[in-house]
Protein chains: 2
Amino acid sequence: MALKNKSMYALLGVLNITPATGYEIKKYCDTVLAGIWNENYGHIYPTLKKLTDEAMIEVLDTDESSTKIRYGITEKGKEELVKWMLAETTLQPARSEYMLKFLFSSQFETEYVLKILRDYRAIYENQRNKYQTFKKSLETGIEEITKKRSVYMTAVLTKAIMSCETNILWCDETMDIIRNAE
Amino acid sequence: MALKNKSMYALLGVLNITPATGYEIKKYCDTVLAGIWNENYGHIYPTLKKLTDEAMIEVLDTDESSTKIRYGITEKGKEELVKWMLAETTLQPARSEYMLKFLFSSQFETEYVLKILRDYRAIYENQRNKYQTFKKSLETGIEEITKKRSVYMTAVLTKAIMSCETNILWCDETMDIIRNAE
DNA sequence: TTGATTATATATCACTCTGATATACTTGTC
DNA sequence: GACAAGTATATCAGAGTGATATATAATCAA
């Protein structure tokens, strides 16, 4: 009976850290969960309604004066979250436009593939720098989060940086191979 | 005026290698493009119709006796494919259920995160072995593809293996950190 | 203080994509 | 010739994306 709508669990997980509005959840995804989990408004708001209907979350403050709707997780929601945490995890179906172009580029001139590899390299060099800056700001403790959570966030950033560097290395090696094969 | 439907380009790219039926395209995605590009029947067949309407591809043989519909790329389709090859490439929005669980697991007992990391490691160890086997079969030349295309496919497999190993390394390092932080 | 700009906030839409399933024909093989 | 496995097309509900509409609140310079 596991939900197929993965966004439900993402929202439950965020609300398990702190109560939030739909807007705040979106911001959390775009900052803390950047590179990990993407959410759209077009999915957040209907999902919040669905979760409310199923009593997994509840509306906390309905200030008449305010247009904000702040949600909090319920006991039922927490139970569902734990079930998901311990259940089997599925991999996202792959859709790498870069790799697709790379494979198809064998049908075209060499300049095509070199362009693709240069672009790909630039993307990951850029991302690596971004993650490194973020990691440093975590180490110097600007963000006010618990020690335990900072260990986890550092680990996530380390992973992102490692992945970027692996991709950059592969680009360099592959560009050499392609040039020599000409 | 670039198409948003990325599947169109994937299908054009496959049909640029060889004419194929919808079923054969699906098989190609599940084997050669495994780990790179996912396609579903529910998207392939409508997209083939759309591409035919737009004269990017054409029906090749309509054996009255057969139910097969084999498609080939047209000149217009090839032009569109080239445009896409040279256009800017977009990254797939991230949706890593493993990393999401990992981050959320800081709210739970340590055993949760260790389970997640063990599962994650197992997945990538498994995948790495699969890709290594495939790479060896490429090197011994069982598959009958051109020299040029085999260079590209080897590069893709090398990338997949490198990524798996980076992930495995990260799991090992992170499990150590989590255990020591207890 | 007013007017402009930016940030906050909810909501909806068309479209893309996923995964499952229905249906039917063909090809081995026991 | 029965039965399974593989080939093939098609459709559906629902998940997810990205863009946009709308409106209010905060900030800040002229």
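As a basis for the values below, the full set of heavy atoms in this structure was taken, side chains included, without hydrogen atoms, waters or symmetry mates. Note that this is a predicted model, so its numbers are computed, not measured.
For D:dT17, neither phosphate oxygen OP1 nor OP2 lies less than 4.0 angstrom from any side-chain nitrogen or oxygen of A:Lys26. Distances shorter than 4.0 Å separate some side-chain N or O of A:Asn38 from OP1 or OP2 on D:dT17.
One can place NE2 of B:His43 at 17 Å from P of D:dA13, the figure rounded to the nearest angstrom. In this entry the distance linking CZ of A:Arg95 with C1' of C:dT16 reads 8 Å, nearest Å. Between A:Glu39 atom CD and D:dG16 atom P there is a gap of 7 Å when expressed in whole angstrom units. Atom OH of A:Tyr45 and atom C1' of D:dA15 are 19 Å apart (whole Å).
Residues B:Leu91 and B:Thr21 both approach DNA chain D. Their nearest nucleotides, taken by heavy-atom distance, put B:Thr21 toward the 5′ side.
The main-chain N or O of A:Glu39 is found under 3.5 Å from a side-chain atom of A:Lys26 such that the two form a donor-acceptor pair. B:Lys148 places no side-chain N or O within 3.5 Å of a backbone atom of A:Ala181 that could act as its donor or acceptor partner.
The closest side-chain donor-acceptor pair between B:Arg70 and B:Thr18, if any, does not fall under 3.5 angstrom.
Here the side chain of B:Lys6 is nearest to one of D:dT20, C:dC17, C:dA7, namely C:dC17. Side-chain atoms of B:Pro93 lie closest to D:dG18 of the nucleotides D:dG16, D:dG18, C:dA11.
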